[in-house]
K.L.:
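Sharing a structure here in structure tokens format.
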Amino acid sequence: MENPFRAGMRLRRVPPPATLVILGVTGDLARRKLLPSLYRLFRKGLLPPGSAILGVARRDWDDEKFRNMVREALDRFVGKGQDERMWEGFAAMLFFCAGDLVDAEAYRTLDDTLISVDAHGPRNGNRLFYLAMPPSTYLDVIDGIGRHGLAGRRGAGWTRIVVEKPFGRDLESARSLNRTLGQWFSEDDVFRIDHYLGKETVQNILVFRLANAIFEPLWNSQYVDHVQITVAEDIGIEQRATYYEEAGAMRDMIQNHALQLLALVAMEPPITFAAGPVRDEKVKALMALRPLGGLEVDKAVVRGQYGPGLSQGEAVVGYLQEEGVAQASTVETFVAMRVFIDSWRWAGVPFYLRTGKRLPKRCTEVAIQFKRPPLPLFGEDVAAETEANVLAMHIQPDEGITLKIASKVPGPTVHVHSVNMDFRYGSSFGAAADAYERLLLDALLGDSTLFARGDGVEVAWAFVDRIIERWRHVDAPGPRIYEAGSWGPKAAEDLVDADRREWRRL
Ligand code: BG6
């Protein structure tokens with residue numbers, strides 16, 4: 001008989017009707033991502049009749065005005081010419097509640113509105129709060145929800161909360177957020193978003209590793225020389241200077257997205273694919289990260305900041321010239337680092353991570369670089385011209401997986417050339433759903449497998465905090481300037497060069 005914990009993964013999952021309360025619904029995230037994703041779920045029949053979406057924001061709007069805003073957002077981010085009947089069905093689910101969540105009054109109005117919205121549908125009191133507000137408001141708003149009796153269960157219904165990134169700005173603030181959440185919600189009802197975990201290609205890391213018999217035996221220090229994780233972006237900081245000046249690449253990308261990718265590559269197989277076992281193993285992998293602090297940081301971590309240059313052929317300004325950036329800001333827009341995972345599986349294997357803005361292209365990749373064969377059977381010169389095997393998981397764009405292998409060049413002599421075995425998602429499966437679509441669906445279903453757990457977030461902050469602490473020291477080398485449109489400062493090349501390795505050319 002099949003293990004009951006492993007059965008049912010292929011079942012189509014439709015959540016029960018619920019009221020989704022989007023706090024901060026007039027913001028960019030809601031317009032660009034949340035509302036379009038909810039509409040797509042509705043179109044696929046995954047947002048059942050009886051569901052409701054209650055937008056909350058300060059504006060003095062009514063339901064009608066909110067519906068107009070949603071219509072505009074869908075025209076822009078899903079596409080014009082949506083089926084009218086479909087839109088009408090979706091529009092009927094939309095409600096608005098005006099209120100400034102710094103006032104106690106706003107929570108009372110929200111409570112009243114929720115009661116009246118709930119009265120119109122079979123929602124059994126199921127509620128999902130989505131915090132799409134500025135992070136500085138999180139603590140007060142979570143507390144407000146709790147103190148005004150909105151976090152508790154209603155009859156048979158559930159109340160859950162989704163918290164957007166960034167989850168704190170250091171270990172201390174993350175702990176305090178976790179504590180406040182824990183005061184009003186149980187851990188099972190808290191969904192900390194890291195949208196990278198909703199990407200199909202990221203989910204596939206575990207499937208690829210564990211649904212194929214041939215890779216996992218090689219997935220360790222005996223066969224793997226090193227791992228490279230690149231999260232490159234060609235965009236600059238766009239209009240987000242206020243946020244970015246407080247964050248920088250270490251907090252914005254490494255603490256969450258890059259370390260989540262690392263955890264998926266490095267973790268041990270979970271006993272089942274349920275939230276508990278999967279997240280247990282991920283947290284263990286993060287706990288095994290060898291801490292970097294003090295002078296070690298100068299050797300193992302490079303920070304950079306983009307100067308003026310070219311992006312996709314267009315002249316662009318440097319970080320210091322971006323609007324809203326402090327004149328002598330030392331905020332990093334690039335990080336490259338060498339880390340080790342002190343576990344049985346990965347002892348001695350370096351993991352190189354790099355991320356940056358204004359790099360030559362948008363490209364996220366995880367590459368497993370294997371060791372060379374034990375003997376140069378075809379001669380030293382053939383061995384020298386042969387590259388080691390690389391398994392590259394292309395997370396985005398051009399989603400796919402490539403295995404680099406050595407092959408004989410046809411002819412009477414032995415010449416070896418590296419060639420690629422290629423799998424492309426697009427040609428095999430067509431377009432994938434947006435990450436937010438999957439994550440919203442899972443939160444409505446109560447499945448937190450693809451969300452960060454409180455302890456994991458804290459472990460990641462503890463690791464990152466030590467590095468940032470070193471950077472605050474007067475002796476620490478400041479960020480190196482790199483030209484926009486390049487692959488970062490030379491010091492990043494030197495970091496891998498010192499280990500006789502190279503960054504992959506992407
Ligand atoms: C966000 C960061 O979490 O991820 C942004 O705050 C970054 O700075 C974005 O641009 C990248 O996401 P994606 O899905 O475009 O790779």
Side-chain angles (χ1 to χ4, degrees), residues 24 27-34 36-37 77 130-136 138 162-169 174 191-205 229-262 264 303-306 311-312 316 319 322-325 329 331-335 353-366 393-400 425 431-440 450-452 457 460-461 464 484 488 506:
D28 215 39
L29 176 74
R31 284 172 200 259
R32 269 177 200 276
K33 295 288 182 189
L34 306 182
S37 296
F77 298 110
Y130 198 115
L131 269 188
M133 302 181 61
S136 56
Y138 286 0
V162 181
V163 186
E164 253 303 326
K165 173 185 166 275
F167 195 86
R169 68 179 311 273
F191 294 76
R192 296 172 195 77
I193 286 244
D194 183 314
H195 77 281
Y196 268 55
L197 298 178
K199 294 182 192 272
E200 281 291 340
T201 42
V202 173
Q203 293 171 49
N204 195 39
I205 295 177
I229 299 179
T230 301
V231 188
E233 294 187 283
D234 56 350
I235 53 171
I237 54 159
E238 304 190 291
Q239 278 77 47
R240 300 163 73 216
T242 318
Y243 159 73
Y244 206 83
E245 278 280 277
E246 285 293 309
M250 185 60 95
R251 291 190 175 94
D252 187 43
M253 301 296 281
I254 299 280
Q255 187 273 342
N256 36 71
H257 308 324
L259 290 185
Q260 288 291 334
L261 290 175
L262 173 133
L264 289 168
R303 55 176 163 158
Q305 187 186 76
Y306 63 82
S311 174
Q312 311 297 346
V316 292
Y319 180 70
E322 299 275 14
E323 210 181 310
V325 168
S329 173
V331 166
E332 78 288 353
T333 60
F334 175 95
V335 173
L353 314 181
R354 63 176 163 168
T355 184
K357 300 235 180 243
R358 285 280 185 239
L359 299 186
K361 48 155 96 161
R362 175 172 185 253
C363 167
T364 300
E365 189 204 77
V366 173
M393 295 185 251
H394 311 290
I395 306 293
Q396 65 185 21
D398 305 329
E399 291 81 357
Y425 279 82
D434 187 83
Y436 273 94
E437 215 177 297
R438 172 63 196 263
L439 295 174
L440 279 163
L450 301 179
F451 293 81
V457 172
W461 273 123
V464 156
L506 302 175

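Values reported hereafter were calculated over all heavy atoms of this structure, with side chains retained and with hydrogens, waters and symmetry mates removed. Order of appearance sets the numbers: ligands from 1, and atoms from 1 within every ligand.
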K.L.:
Less than 4.0 Å is my threshold; does some heavy atom of Glu238 fall inside it relative to ligand 1?
P.N.:
no
K.L.:
Looking at ligand 1, does any of its N/O atoms fall within less than 3.5 Å of an N/O of Tyr244?
P.N.:
no
K.L.:
Taking the six-membered ring for Trp, are His257 and Tyr196 parallel (under 30°), tilted (30 to 60°) or perpendicular (over 60°)?
P.N.:
parallel
K.L.:
With a cut-off of 4.0 Å, which atoms of ligand 1 are near a heavy atom of Lys165?
P.N.:
1 (C), 2 (C), 3 (O), 6 (O)
K.L.:
Show which atoms of ligand 1 fall inside a sub-4.0 Å distance from at least one heavy-atom site of Glu233.
P.N.:
7 (C), 9 (C), 10 (O), 11 (C)
K.L.:
Which heavy atom in Trp461 sits nearest to a heavy atom in Gly168, and how many Å separate them?
P.N.:
CZ2-O, 3.1 Å
K.L.:
Under 4.0 Å from a heavy atom of Gln396: which atoms of ligand 1 are those, numbered in the order shown and with their elements?
P.N.:
13 (P), 16 (O)
K.L.:
Output yes when the distance from some N or O of ligand 1 to some N or O of Arg240 is under 3.5 Å, and no in every other case.
P.N.:
yes
K.L.:
Applying salt bridge (charged side-chain N to carboxylate O under 4.0 Å, His left out), can you list everything that pairs with Glu365, at least two apart in sequence or on another chain?
P.N.:
Arg504
K.L.:
List ligand 1 atoms under 4.0 Å from Arg362, heavy atoms only on the residue side.
P.N.:
13 (P), 14 (O), 15 (O), 16 (O)
K.L.:
Once you round to the nearest 0.5 Å, how far does CD of Glu322 lie from OH of Tyr244?
P.N.:
10.5 Å
K.L.:
Applying side-chain hydrogen bond (donor to acceptor under 3.5 Å, both in side chains), name anything that partners Thr230, two or more places apart in sequence or on another chain.
P.N.:
Arg354
K.L.:
Examine the side chains of Glu164 and Tyr130 and answer whether a donor and an acceptor come within less than 3.5 Å of each other.
P.N.:
yes
K.L.:
So, taking the atom named CE in Met250 and the one named OG1 in Thr355, what distance separates them when rounded to the nearest 0.5 Å?
P.N.:
10.5 Å
K.L.:
Using a strict 4.0 Å cut-off to heavy atoms of Lys199, name the atoms of ligand 1 that fall inside it.
P.N.:
13 (P), 14 (O), 16 (O)
K.L.:
If you count the atoms of ligand 1 from 1 in the order shown, which ones are under 4.0 Å from a heavy atom of Asp252?
P.N.:
2 (C), 5 (C), 6 (O), 8 (O)
K.L.:
Which heavy atom of the protein is the closest neighbour of atom 16 (O) of ligand 1, given with residue, atom name and distance?
P.N.:
Tyr196 OH, 2.4 Å
K.L.:
Just say parallel, tilted or perpendicular for the rings of His195 and Tyr436, cut-offs at 30° and 60°.
P.N.:
parallel
K.L.:
Report, in ascending order of atom number, the atoms of ligand 1 lying under 4.0 Å from any heavy atom of His195.
P.N.:
1 (C), 3 (O), 4 (O), 12 (O), 13 (P), 14 (O)
K.L.:
In terms of atom number and element, which parts of ligand 1 are under 4.0 angstrom from non-hydrogen atoms of Lys357?
P.N.:
5 (C), 7 (C), 8 (O), 10 (O)
